[in-house]
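We name chains A, B, ... by the order of the sequence lines, and we start the count at 1 in each one.
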Amino acid sequence: MPELPEVETIASTLRGERGGPGLPGRVIQRAHLLWPRTLAEPAPAEFAARIAGQPVRQVGRRAKYLVFQLEPDWLLLHLRMSGDLRLEPASAPLQPHDRLCLELDGSLRLAFNDARKFGRAWLLADPQAVLCRLGPEPLAEDFTPAGLHHKLMQTRRQLKPLLLDQTFIAGLGNIYTDEALHMAGLHPLRRADSLSTSEAETLWHAIRSVLADGIRRNGASIDWVYRGGDFQNHFRVYQRTGQPCPVCGAAVVRTVVGQRGTHYCPQCQKTGS
DNA sequence: CACGAGACCTGTTCGC
DNA sequence: TGCGAACAGGTCTCGT
């Protein structure tokens with residue numbers, strides 16, 4: 001579910017920057033693993049023994065991963081399609097799809113809820129063991145128009161699947177990819193190596209703009225998954241099949257590209273050239 | 001290398 | 001009303 005802006009929103013909430021209590025400085029007392037497969041690494045017994053007593057030093061984000069710097073280990077969480085986190089009083093009732101709970105001092109609980117069970121947790125001495133495969137962070141300074149253009153020139157792949165590939169660029173998901181391509185006026189099936197320098201720069205700008213907008217609106221809330229965001233009310237094309245394109249008024253089209261629903265404006269996003 | 005299909009999962013919505 | 005199909009924010013693996 002969450003893409004970069006939703007994960008960023010959750011990370012800042014857990015840092016205590018949005019009103020509630022924060023995690024940094026608290027000590028993990030105990031772990032409850034309710035669905036074993038949620039834990040990618042290490043084995044459940046070692047996880048429980050190792051994480052108990054470790055303090056949370058900082059909460060960050062890399063692409064769609066939540067990164068918890070403990071002492072001495074690191075905890076990584078990936079929410080995948082339906083994951084969500086709650087920081088709540090330890091006395092609050094557990095919810096139907098809670099998969100992993102961490103009890104913290106101050107009578108708090110961090111609950112990892114995940115209806116579809118795709119989410120994963122890792123406890124690692126070195127987070128790079130998992131994060132090292134990720135491509136550039138799109139909002140970081142080292143992600144540049146020239147760098148993007150250079151990478152685009154090295155592949156003949158279609159833009160939509162390419163932007164979803166986390167080794168090419170890390171953090172975009174189905175929503176923000178469709179939104180960025182629409183803002184850039186690029187067709188989802190355009191070949192990467194066919195973009196001009198200025199088209200690559202336009203795409204670079206669209207990616208950053210759409211992600212920054214998502215963060216500014218606290219992410220997107222759709223259906224029963226994830227709450228609190230407002231960005232779903234500002235979609236240009238995503239889940240707006242048949243509705244007018246905000247730029248030209250043509251009806252938004254939905255197709256399937258790489259087995260993912262794909263929304264675009266047939267007028268603003270032409271295949272050719 | 002690039003692509004498609006299938007797997008992993010449950011819940012909601014849509015069409016008949 | 002009921003029931004099956006389609007669909008959902010992600011990623012991995014396998015076969016071609």
(Q) I'd like the C1' distance from dG9(C) over to dC3(B), given in whole Å. (A) 23 Å

Q.
Rounded to whole Å, how long is the line connecting atom CD of Glu6(A) with atom C1' of dA8(C)?
A. 14 Å

Q) What is the nucleic acid contact for Tyr238(A), judged by heavy atoms within less than 4.0 Å: base, sugar-phosphate only, or nothing? A) sugar-phosphate

Q.
Tell me whether Thr177(A) contacts the main-chain N or O of Asn174(A) through its side chain, where contact means a donor paired with an acceptor under 3.5 Å.
A. no

Q.
I need the NZ-C1' distance between Lys151(A) and dC1(B), as an integer number of Å.
A. 15 Å

Q) dA8(C) base to Arg116(A) side chain: any donor-acceptor pair below 3.5 Å? A) yes

Q.
It should be established whether Thr155(A) places a side-chain nitrogen or oxygen under 4.0 Å from OP1 or OP2 of nucleotide dA2(B).
A. yes

Q.
Under 4.0 Å, heavy atoms only, any strand: does Gln259(A) hit a base, just the sugar-phosphate, or nothing?
A. base

Q. How would you label the contact of Arg37(A) with the nucleic acid (heavy atoms, under 4.0 Å): base, sugar-phosphate, or nothing?
A. sugar-phosphate

Q) How close or far is atom P of dG9(C) from atom OH of Tyr65(A), stated in whole angstroms? A) 18 Å

Q: Mind calculating the distance between CZ (Arg260(A)) and C1' (dA8(C)) to the nearest angstrom?
A: 9 Å

Q. Separation of Met81(A) atom CE from dC9(B) atom C1', in whole Å?
A. 10 Å

Q. Judged by modelled atom types alone, do His263(A) and Asp178(A) share a side-chain donor-acceptor pair under 3.5 Å?
A. yes

Q: Could you check how far NE2 of His263(A) sits from C1' of dC7(C), rounded to whole Å?
A: 10 Å

Q) Does OP1 or OP2 of dC8(B) have a side-chain N or O of Lys117(A) closer than 4.0 Å? A) no

**Q.** Side-chain donor/acceptor of Arg26(A) to backbone N/O of Gly22(A), under 3.5 Å
**A.** yes

Q.
Suppose you measure atom P in dC3(C) against the same atom in dC8(B); what distance do you get, rounded to whole Å?
A. 27 Å

**Q.** Residue-phosphate contact under 4.0 Å: Lys64(A) side-chain N/O, dG10(C) OP1/OP2
**A.** yes

Q | Under 3.5 Å: donor-acceptor pair, side chain of Gln54(A), backbone of Asp73(A) | A | yes

(Q) So, OP1 or OP2 of dA8(C): does either fall under 4.0 Å of a side-chain N or O from Arg254(A)? (A) yes

Q. When rounded to the nearest Å, what value does the distance between P atoms of dC7(C) and dG6(B) take?
A. 15 Å

**Q.** Aromatic ring of Phe118(A) stacked on base six-ring of dT11(C), 5.5 Å, 30°
**A.** no

Return all side-chain donor-acceptor pairs below 3.5 angstrom for residues 237-245 of chain A, not counting sequence neighbours, or 'none' if the list is empty.
residue, atom, partner, partner atom, Å
Arg240(A), NH1, Arg236(A), O, 2.7
Arg240(A), NH1, Pro244(A), O, 3.1
Arg240(A), NH2, Pro244(A), O, 3.0

Q | Between dA2(B) (P) and Asp165(A) (CG): distance, integer Å | A | 9 Å

(Q) Is there a side-chain contact between Gln166(A) and the phosphate of dT11(C), meaning an N or O under 4.0 Å from OP1 or OP2? (A) yes

Q: Grab the CD-P distance between Gln239(A) and dT12(B) for me, whole Å please.
A: 16 Å

Q) Quick one: does Arg208(A)'s side chain have a donor or acceptor within less than 3.5 Å of a partner on Ala212(A)'s backbone? A) no

Q. If you write DNA chain C from 5' to 3' in dot-bracket form, with Watson-Crick or G-U pairs under 3.5 Å, [ ] for crossing pairs and | for pairs with another strand, what do you get?
A. .|||||||.|||||||

Q) Taking C-beta and beyond as the side chain, do Leu172(A) and Leu4(A) meet within less than 4.5 Å on heavy atoms? A) no

Q) Phosphate oxygens OP1/OP2 of dT10(B): is one of them under 4.0 Å from a side-chain N or O of His97(A)? A) no

Q.
Test your reading of the model: is there a side-chain donor-acceptor pair from Lys151(A) to the backbone of Phe168(A), 3.5 Å cut-off?
A. yes

